Number of protein chains: 4
Amino acid sequence: MSLREKKTAKKKEEIISTAVSIIAEKGYQRTTMEDIASRLLMTKGSVYYYFKDKQDLLFQSHQLLLERSIENIHDIQQLDIPITEKLKQSMIAHIDHLISEKSGFELMLKPEQYFSDYQLQEIQKLREDYSRCFDQLIAEGIGTGIFVSLDKKIVRNLVLGAMNWITQWYSLDGKLGKEEMSETISDYLMRILIKKK
Amino acid sequence: MSLREKKTAKKKEEIISTAVSIIAEKGYQRTTMEDIASRLLMTKGSVYYYFKDKQDLLFQSHQLLLERSIENIHDIQQLDIPITEKLKQSMIAHIDHLISEKSGFELMLKPEQYFSDYQLQEIQKLREDYSRCFDQLIAEGIGTGIFVSLDKKIVRNLVLGAMNWITQWYSLDGKLGKEEMSETISDYLMRILIKKK
Amino acid sequence: MSLREKKTAKKKEEIISTAVSIIAEKGYQRTTMEDIASRLLMTKGSVYYYFKDKQDLLFQSHQLLLERSIENIHDIQQLDIPITEKLKQSMIAHIDHLISEKSGFELMLKPEQYFSDYQLQEIQKLREDYSRCFDQLIAEGIGTGIFVSLDKKIVRNLVLGAMNWITQWYSLDGKLGKEEMSETISDYLMRILIKKK
Amino acid sequence: MSLREKKTAKKKEEIISTAVSIIAEKGYQRTTMEDIASRLLMTKGSVYYYFKDKQDLLFQSHQLLLERSIENIHDIQQLDIPITEKLKQSMIAHIDHLISEKSGFELMLKPEQYFSDYQLQEIQKLREDYSRCFDQLIAEGIGTGIFVSLDKKIVRNLVLGAMNWITQWYSLDGKLGKEEMSETISDYLMRILIKKK
DNA sequence: TATGAATGAGCTTTCATTCAT
DNA sequence: CATGAATGAAAGCTCATTCAT
């Protein structure tokens, strides 16, 4: 990658990161190109130099977030820890990611409204990658007899849903700190899978 | 209520119901007053005869849905069945409501972006009412020693989140029917609370 | 005039009087038929029973006000008092009328914007009638050598303009009462015409 | 001021000047942004690039006109001519300004209907500045014994009112030219103040 | 007569997008 | 590369007016 390309890439990431946070605050529709540009001390025109259009910016933003999430989970899967621990760590990572990015939760809801067919495919691929990570952990747990034998897709969806909802009710000023909260939540959710003696 | 008033009320409900379903499909911002009016074979002007502005229509729609949900739950609470059964039935009712209304999940996310201060208060009141129903069931279960003694607010939020997410992944064309699905999900979620033997 | 006709006439005057005062407050364009109807505890539809359209209501309102002004002046002209006194009284009557009606000063400005050709003619006729009264008084004063021989049309216009402007700056809470104010103003304006000794 | 800024400022003045003249013709409410834009061979959108909204355009227009009027009067006050002459020149300047700009007389009437609180304050400040100029001239004339000792605020208001009304009756096609007319009017109005021998 | 309901033309405003410089 | 300026399509909303009942 040439110096120029690096510079461009860096600028793009800068824009994406700003876009993500504004969109997370205000929602996609309510976020204007002007909002994004002005927070970056740029002009709208410049943003269009880096991104074809608003949707493209959105797409690349979403893509980046998903890729990072997947990396997080992959890293955890490499660790040499018990399966229950792996699943818990994955949950905690998911929660942390959500809270720190307050990421475009909105986009998760109706991606087909925001993305073109091609983009949608890419997004779906990434989502499936992500889901598969969880599925594998669950399957492994069931296989080794540690988890109850439930429908793994349903469990995965329930767990992800329960976690995604957190951004709606968790506020930092509450009594529980971020770490305790993640711990507690993952413990509670693990109860779905853990065998009763 | 006079005949006139009844007719007006009916028309309002008609509009609300159409609005709800279009907003559920396309999202609030993407739904135009024109969209709503034309599906009702009305003109925009007529819709404005019944609702002050778009936001007012949204507010009243959301309010109605919440009120209906609360009624559902209240009805279940009156039943003479064991606490576990009550909680399960409430979950099933919640899921059914979500699926049949495909209701504005979007609005649950950032109500402060959509509603005025006064409206927000009303909405919060209703939401709290609703949450409280679940909290009471959980508290009762813990009190009678049937449920594990977990933090009831957190459990409630996890359960609601897990259910709300359903609209994102559940499609009718799947293998499981609506009833089986609700059953399965509520069973799985009950596992969080049910004591291990 | 039958009873029915009388009732209708009375209702029309009621509407006109309300319309005049709201239009005086808010201006013609900003005044909606709804404003007028609701202050009368009527519905828009009813107002349309009495007046063809908004413009017609405006026209008849304006006409009525002008006719009343003309009557006032005519009455004064019949009095058996010196010419200077007659002119002063006329001024005072004009001022009183303005202040009590706060009447659609706005309409005086660009009648051609508000009225149809036919209506405009009627209005012009009345205005000329009114102006002529003043002109006659001035002409008489000049003829009898009491007033300086100035261009009577110009003087008349200056005097009327000076008076019409009053509504812009005179407020009842000032130090001068309504009567003193009319007195003072007419005195000052008479100075234009009164001969220097 | 950079070249860019100058260009922008010029464009703004261009828009203002067009807006002023259309508003003077048709009134504020009847003037649409489309009217203004199309006379400038622009699109509405472009006008909104320069002015926040219609009201803002109105405000800046009114402000500019007032500022120019004040400058005119200030210039005259600097001249080394007798007080009577100064007052007459000021009147003539006022009349000329009115006729050439046909300025938004409408706005003078009910500014509180058109402007926001902040804007109203600014406008009031300018109006007071302007009035004060006249007041000072009158006061000086009274002080030096050349003018009769009348209430200077009332005289000022009468004089301004008489002049403002001119736009209603003066038409260029009359027998008197613009200059003669201004001369005559100022002479007549001066008679209010000039001492009788 | 009176009215509730409906209509539609017209207006203000927003904003993604383009493009000459 | 960056930007100021311009554009135009679309949206929300208002309101005079009509009309069946």
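Here the structure is a predicted model, which means the values were calculated and not measured. Just so we're on the same page: letters track the sequence lines, and every chain starts at 1.
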I need the full list of side chain to side chain donor-acceptor pair (under 3.5 Å) pairs touching residues 41-52 of chain C, with sequence neighbours left out, sorted by first then second residue. Thr43(C)-Ser46(C)

Round to a whole Å and report the spacing from CG of Leu40(D) to P of dT7(F). 11 Å

Which residues share a side-chain contact (heavy atoms from CB on, under 4.5 Å) with Gln124(B), sequence neighbours left out: Arg127(B), Glu128(B)

Would you please name every residue forming a side-chain contact (heavy atoms from CB on, under 4.5 Å) with Thr32(A), sequence neighbours left out? Glu34(A), Asp35(A)

So, with a heavy-atom separation below 4.0 Å from DNA chain E, the residues of residues 8-18 of chain B are Thr8(B), Lys11(B)

Side chain to side chain donor-acceptor pair (under 3.5 Å) partners of Asp56(B), counting only residues at least two apart: Gln60(B)

Which range-with-range stems can be found for DNA chain F when each stem has 3 or more Watson-Crick or G-U pairs in a row and both distances sit under 3.5 Å? E:2-21 with F:2-21

For atom CD1 of Ile36(C) and atom P of dC15(F), their distance in whole Å: 12 Å

Partners meeting side chain to side chain donor-acceptor pair (under 3.5 Å) with Glu122(D) (sequence neighbours left out): Lys125(D)

Which residues pass the side chain to side chain donor-acceptor pair (under 3.5 Å) test with Arg30(A), not counting sequence neighbours? none

Tell me: CE of Met42(B) to C1' of dG4(E), nearest whole Å? 13 Å

Could you tell me which residues satisfy side chain to side chain donor-acceptor pair (under 3.5 Å) with Thr31(A), sequence neighbours excluded, listed by chain and number? none

Grab the CD1-P distance between Ile23(D) and dT12(E) for me, whole Å please. 10 Å

To the nearest angstrom, the CD-C1' distance between Glu5(C) and dT1(E) comes to 15 Å

Salt-bridge present (Arg39(B), Glu25(B); N to O < 4.0 Å): yes

For residues 8-42 of chain B, which residue pairs pass the ring-ring contact (aromatic ring centres under 6.0 Å, His included) check, not counting sequence neighbours? Tyr28(B)-Tyr114(B)

May I ask you to evaluate whether Tyr49(B) reaches the phosphate of dA6(E), defined as a side-chain N or O under 4.0 Å from OP1 or OP2? no

Across nucleotides 13-21 of chain E, 5' to 3', mark each nucleotide with B, S or - according to how protein heavy atoms within less than 4.0 Å reach it. BBSSBB---

Separation of dT1(E) atom C1' from Phe51(C) atom CZ, nearest Å, is 15 Å

Which nucleotide wins on minimum distance to the side chain of Thr43(B), given the candidates dT1(E), dT7(E), dA6(F)? dT7(E)

Whether Phe115(C) and Phe59(C) hold their rings parallel, tilted or perpendicular, with breakpoints at 30° and 60°: perpendicular

Counting heavy atoms from C-beta on, name the nucleotide in dT7(E), dA6(F), dG4(E) closest to the side chain of Tyr50(D). dA6(F)

Show me the donor-acceptor pairs, under 3.5 Å and distance only, between side chains in residues 13-23 of chain A and residues at least two apart or in other chains.
unit_1	atom_1	unit_2	atom_2	d
Glu13(A)	OE1	Arg68(A)	NH2	3.3
Thr18(A)	OG1	Glu14(A)	O	3.1
Ser21(A)	OG	Thr18(A)	O	3.3

